[in-house]
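Structure, as structure tokens:
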Protein chains: 2
Amino acid sequence: MAKVSSMRSNSREKILDAAAHLVSEIGAGRLTLDAVAHRAGISKGGLLYNFPSKSALLQGMVQRIIDEVCAEKDQLRSTMPEGPNAEARLIVTVLLNMRSSKTKDLANGILAASAEEPELLAPVRDIVRQTFEELKSRSDDLDAALIGWLAVEGLSSFEMHDFSPFTEQDRKRIIAAVDRLLRNGKV
Amino acid sequence: MAKVSSMRSNSREKILDAAAHLVSEIGAGRLTLDAVAHRAGISKGGLLYNFPSKSALLQGMVQRIIDEVCAEKDQLRSTMPEGPNAEARLIVTVLLNMRSSKTKDLANGILAASAEEPELLAPVRDIVRQTFEELKSRSDDLDAALIGWLAVEGLSSFEMHDFSPFTEQDRKRIIAAVDRLLRNGKV
DNA sequence: GTCTATAGTCCGATAGAC
DNA sequence: GTCTATCGGACTATAGAC
């Protein structure tokens, strides 16, 4: 049921959880090894055994959100019905699910890496490029697909930085409009 | 022709320029007073005379991009023709102009503040909320206006983090599609 | 108004015991 | 595998000369 590998090295998961939570609590640039260790309930030495450097910790945070998003996408792909711009609608759904409790914090890894070591975001850049390629080759209406994708990226960006001015009702309305755009080419 | 106030305190402008450039060169979290002072051609003491703390410097960077964007919006408002969803098309145009050499670097102030002191982004949050209110009260087609706005925010977000996979041609195509969406309600 | 020098703090990483 | 203790470097901010 659960991944076998998720039982391996429980400390790593605890540490990554702590780091992800801390970013939203104190800010990406204030993430220190001391703070992460304390929040994870271990010592700084214990942390540095699992992640030999702060850079390695940030890299682990970035990889974790990428793995989670890819897994969710694969899982959704089999259950989502076909239809116009199916690929774009899949991507949009995955992005919007990211706000749910679990994945929301994981996305903080991107903020932390962006603040401290932007080079670590190369895998994210690759995902974006790959998403664009998939949309180009699999969209019924590329213009609508790109606008729908970018609109949800914009919404996610707002939510990641706590800029979103939208109520839950506003959000539902926007999502419905994006879906209409992807299905019919108009809002 | 030029703003009278821009001759006042030339050092401040030099410092803000240096800080903005540095963010894209070395990363938001590596912005230090030493580096800014060196890049601006003054000493750290001279810097701290103009900005009494690093927090004040970050605040100055945030305010500068806000002022620039608001000024550009006001200027564009008088020259842009009317038409469907005029307010949304105005906002979209301002956001897209931000990529131009001058304003692009200014936007780095947001990255720097986000990394070090996210509280300083409150004015940005206010602008987002205000933009939403304006769109709600002045749009012919709110759904289209919101999607167009969010799509361009998504594109800007990609470009700000150097995630954009789009060629210049792709970008023009996307902008054209957004404009069609705002004018006609369909892509 | 800008400089140099330095105080004081925080943090990442290492060393070695258990 | 996790701990404590500590080193060494980097950074913000202050003090005072010019």
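Proteins get letters first, then strands, A, B, ... in listed order; numbering begins at 1 in each. As the structure is a prediction and not an experimental result, all values here were calculated from the model.
Distance CZ (B/R30) to C1' (C/dC11): 16 Å, rounded to an integer number of Å. Atom CG of A/L33 is separated from atom P of D/dG9 by 18 Å (rounded to the nearest Å). Rounded to whole Å, the distance from CD1 on A/I15 to P on D/dG1 is 12 Å. Between A/D34 atom CG and C/dC10 atom P the separation is 11 Å, expressed in whole Å. Atom NE2 in B/H38 sits roughly 17 Å away from atom P in C/dT2 (whole-Å rounding). Here D/dG1 presents its P atom at 3 Å from OH of A/Y49, a figure rounded to the nearest Å. D/dG1 atom P lies 14 Å from atom NZ of A/K14, rounded to whole Å. Here D/dG9 presents its C1' atom at 15 Å from NZ of A/K54, a figure rounded to the nearest Å.
Although no hydrogens or angles enter the test, the distance criterion places a donor-acceptor pair under 3.5 Å between the side chain of B/T93 and the main chain of B/R89.
Side-chain contact between B/E116 and B/L57 is absent, with no heavy atoms from C-beta onward closer than 4.5 Å.
Using a 4.0 Å heavy-atom cutoff across all strands shown, A/L31 reaches sugar-phosphate atoms only and no base atom.
Nearest to the side-chain atoms of A/L48 among the listed nucleotides C/dT14, D/dT14, C/dG12 stands C/dT14. Of the candidates D/dC3, C/dC3, C/dA13, the closest approach to any side-chain atom of A/K44 belongs to C/dA13. Considering only the side chain of A/T32, C/dC11 comes nearest among C/dC11, C/dT14, D/dT12. Side-chain proximity of A/I42 to C/dA13, D/dC3, C/dT4: nearest is D/dC3. Looking at the side chain of A/S11, the nearest of the listed nucleotides C/dG1, D/dT2, D/dT12 is D/dT2.
Using a cut-off of 4.0 Å between Lys/Arg side-chain N and Asp/Glu carboxylate O, A/E72 and A/R77 are scored as not salt-bridged. With respect to A/R173 and A/E168, no salt bridge is recorded, no charged nitrogen being found less than 4.0 Å from a carboxylate O.
A sub-4.0 Å separation between OP1 or OP2 of D/dG1 and a side-chain N or O of A/N10 is absent.
The cationic group of A/K136 lies under 6.0 Å from the six-membered ring centre of A/F132 and within 45° of the ring axis, placing it in a cation-pi geometry.
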